[in-house]
Amino acid sequence: MDVTTIIDSLNDAQRQAVSSPTQSMLVLAGAGSGKTRVLVHRIAWLIKIENLLPHNILAVTFTNKAAKEMRGRVEELLNISARSMWIGTFHGLAHRFLRQHNVEAALPDGFQIIDSEDQLRLVKRLMKTMGVDDKRWPPKQIVWFINAQKDEGIRARNSVAGDDIFQQQLIEVYAAYETLCTRSGLVDFAELLLKAYETLRDNEELLGFYRNRFEQVLVDEFQDTNTIQYAWLRLLTEGRDNLFVVGDDDQSIYGWRGAKIENMFNFQKQYPNHQLIRLEQNYRSTGNILKASNALIAGNESRMGKELRTADEDGDLISLYTAFNEQDEAYFVVERIRKWVAEGNSRAHVAILYRSNAQSRQFEEKLMATGTPYRVYGGLRFFDRMEIKNALAYLNLMSYKGNDAAFERIINTPTRGIGNKTIDEIRQVAKLEESTLWAAMITLLKANHFTPRAENAIKSFILLINGLAEESIELPLFEQVKNVVEKSGLIAFYKKEKGDKGETRVENLEELVNAAKQFYFDENNEEGLSEVELFLSHAALESGDTQGDDFEECVQLMTLHSAKGLEFPMVFMVGLEEGLFPSQRSVDDIAGLEEERRLCYVGMTRAMKHLFMSQAESRRLYGKETHPRASRFLKEIPPKFLQEIRVRANITQPKIGSMRKTAKPSTLGTSGKYKIGQRVSHEKFGAGVVLQVDGDGAQERVQINFQSAGLKWLMLSYAKLETL
DNA sequence: TTGTTCCAGCTTTTT
DNA sequence: GCTGGAACAA
């Protein structure tokens, strides 16, 4: 292996970043400038040229997907196994660290991870037993407070409220929540980070060991780090000056969940010997798109300064479409996509990006009506589904009886006659005795407290859990899962649920067994976990990708946030209206507005060749017709990069007063052919009855109630309908 | 224990 | 205007 394989394919700036000796470095990597490439090649350089062992490298990312990709690419480039290298997410690495040092961290051996949903449930429960008014202190807000405190490294005991009663209550719940988690061996996401930080900070030996071990610490998406993550990185690299961070202040879009863009500025002060490298060569977009993006982001005050260049030609101008309403907007977008596909292009190369998830519906409807395959990102993930979480709760409780979150979840799921009253009694005793729910249940049982009926139910519950746990010892993972899913009665329970829902749930449970079958168990895992434990941690920390990856042959729909890191030849940014984008809730302060502008920048820089931006003059929002003004961002893009598209020259724009009519489909049935009540047949959906007619000309569509396929809206110009 | 009805709330998301 | 959750009734 010689140097050339590692640096030949790089440009000057990239090469400089990759080939410097181990030291602190800040790589300002613009969109599409080969950021991941630099990280991968940097690691390769460290191993091959600086002779570092993979074991001596720490690389941190934000998503599992990024971590996986980086490891894979390093292995591919060097043709080695990088298994001993610590590459992972902040949470994943903190988890591994805590498993290895659970004694020092004062965590029980089998501690378990809870996700945000379980966290909220616990807090709600807790507030009820504490008698906290959930009107004045909405549980969501309390959870937000707790996590924000933890992100800042503040424990309940260090939280200061002063005379503020409201604040005092928040802290009181925080403290109680901490106690509850400690007692039941539960660790939430923020806790993983905070606990890892504290353990390292307070244990000189450990700190010395890890500082010594990691010759270079690399961080991806540094602009997204929060206070505690940066503090942890600083601990690890203090005195060594070996922190290599890559980030882009212009793409910081997660400030609202604690990311501190200031970390980038602070880094420059706190690592005075660092080298600063700017990657400004863009390999993604054509000239006009890039120049327009540069112009937009230049409107932000707090930036480190960076201007992307491309060797590519100017290419298309950005197309701007002002739609009459959101229907029209969706129609326009879908039409353009159809045209593009008809010209022989791939659907998978098209993305529709919106500010909020609710906007996807219009596009889905139109795509569906035209029979265009599409995929929406960012829905419920596999491991987040109720039925899956219930099944996992059984496994959790079996391996750790103290897990109150799991206990609450399944004590009466499926219903087994343990009602609210009984559970409340158990909760009371648990609170009184400061014990776990499981222990409280046993106490009450021994005290002959329950009515015969409840007693029976509880006994059989205990028998079930213990029985499952015993049987499991001998079984391979997937058999355990299968066993649990069947014997817990979950399958039977969901089979009874009517409609497709129950059926899907049963299928998902079967899929869970499948997932367990395919789960790769590394017996020598550094966490030192058993197969089930590892599977459960995996489920909690990697609940399944929502990030777009395996692009099937379909149009990609996602929020601007989830588009970060991706690229598409053709991009539609929709809903560029004041109040929507920038969001109404961000326009009040400069920081919020700048983040929105960065979001817009992120969206624009996703486009490789064709960028469309659209707005609607009228939009239904929360059931009300609104007439938003064009987004300020559209005005911030120099007009020379824009080209207005007018496709409705021959459509008279209705006056504002008459707009309501268009929105109310049934009043506007103009079709001569299809009247309400008309029976029709469709080649795919079969026979049905026309319920509503809407729009005219090319936009005319009808709603049909199909006997087998249910309600559908169909565009008349595409749907092949026959009157019966 | 389940089904119904009412009511609040309503960016962005990973782990 | 829709949805999810909680309160209530049967």
What's the closest nucleotide to the side chain of [X] if the choices are [options]?
X: T63(A); options: dT13(B), dT11(B), dT14(B); value: dT14(B)
X: R381(A); options: dT12(B), dC2(C), dT14(B); value: dT14(B)
X: Y622(A); options: dT11(B), dC2(C), dT1(B); value: dT11(B)
X: T89(A); options: dT15(B), dT11(B), dC2(C); value: dT15(B)
X: H561(A); options: dT12(B), dT1(B), dG1(C); value: dT12(B)

Check your understanding: Is R409(A) salt-bridged to E117(A), going by a charged N under 4.0 Å from an acidic O?
Key -> yes

Check your understanding: Is it true that R505(A) and E387(A) make a salt bridge, defined as a side-chain N closer than 4.0 Å to a carboxylate O?
Key -> yes

Does [X] have a side-chain nitrogen or oxygen under 4.0 Å from the phosphate oxygens OP1 or OP2 of [N]?
X: R257(A); N: dT13(B); answer: no
X: Y254(A); N: dT15(B); answer: no
X: N357(A); N: dT13(B); answer: yes
X: T415(A); N: dT2(B); answer: yes
X: S562(A); N: dT13(B); answer: yes

Check your understanding: Rounded to whole angstroms, how far apart are NZ on K68(A) and C1' on dT15(B)?
Key -> 14 Å

Review point. CD1 of I114(A) versus P of dT15(B): gap in Å, rounded?
Key: 17 Å

Check your understanding: For DNA chain B, which residues in residues 588-599 of chain A have a heavy atom at a distance below 4.0 Å?
Key -> E596(A)

Check your understanding: Quick one: ring pair (Phe, Tyr, Trp, His ring centres under 6.0 Å) partners of W137(A), sequence neighbours excluded?
Key -> F166(A)

Point to revise | Which residues share a ring pair (Phe, Tyr, Trp, His ring centres under 6.0 Å) with F145(A), sequence neighbours left out | key: none

Check your understanding: salt bridge (charged side-chain N to carboxylate O under 4.0 Å, His left out): which pairs involve residues 222-232 of chain A, sequence neighbours left out?
Key -> D224(A)-K564(A)

Check your understanding: Going by the ring-ring contact (aromatic ring centres under 6.0 Å, His included) test, which pairs reach into residues 578-602 of chain A, not counting sequence neighbours?
Key -> F581(A)-F633(A)

Protein-nucleotides 5-9 of chain C N/O pairs under 3.5 Å:
from	atom 1	to	atom 2	distance (Å)
dA6(C)	OP1	K124(A)	NZ	3.4

**Study point:** Pairwise P distance for dG5(C) and dT12(B), with rounding to whole Å
**Key:** 16 Å

Exercise for review: Output yes if the stacking criterion (under 5.5 Å between centres, under 30° between planes) is met for W256(A) over the base of dT12(B), else no.
Suggested key: yes

Exercise for review: Among F90(A), F222(A), Y197(A), find the one that has a ring-ring contact (aromatic ring centres under 6.0 Å, His included) with Y230(A).
Suggested key: F222(A)

Review point. Does NZ or CZ of R155(A) lie under 6.0 Å from the centre of the six-membered ring of Y174(A), at an angle within 45° of the ring axis?
Key: no

Point to revise | Straight-line distance of I458(A) CD1 to R453(A) CZ, nearest 0.5 Å | key: 12.5 Å

Point to revise | Polar pair under 3.5 Å, donor/acceptor by atom type, side chain T559(A), base dT13(B) | key: no

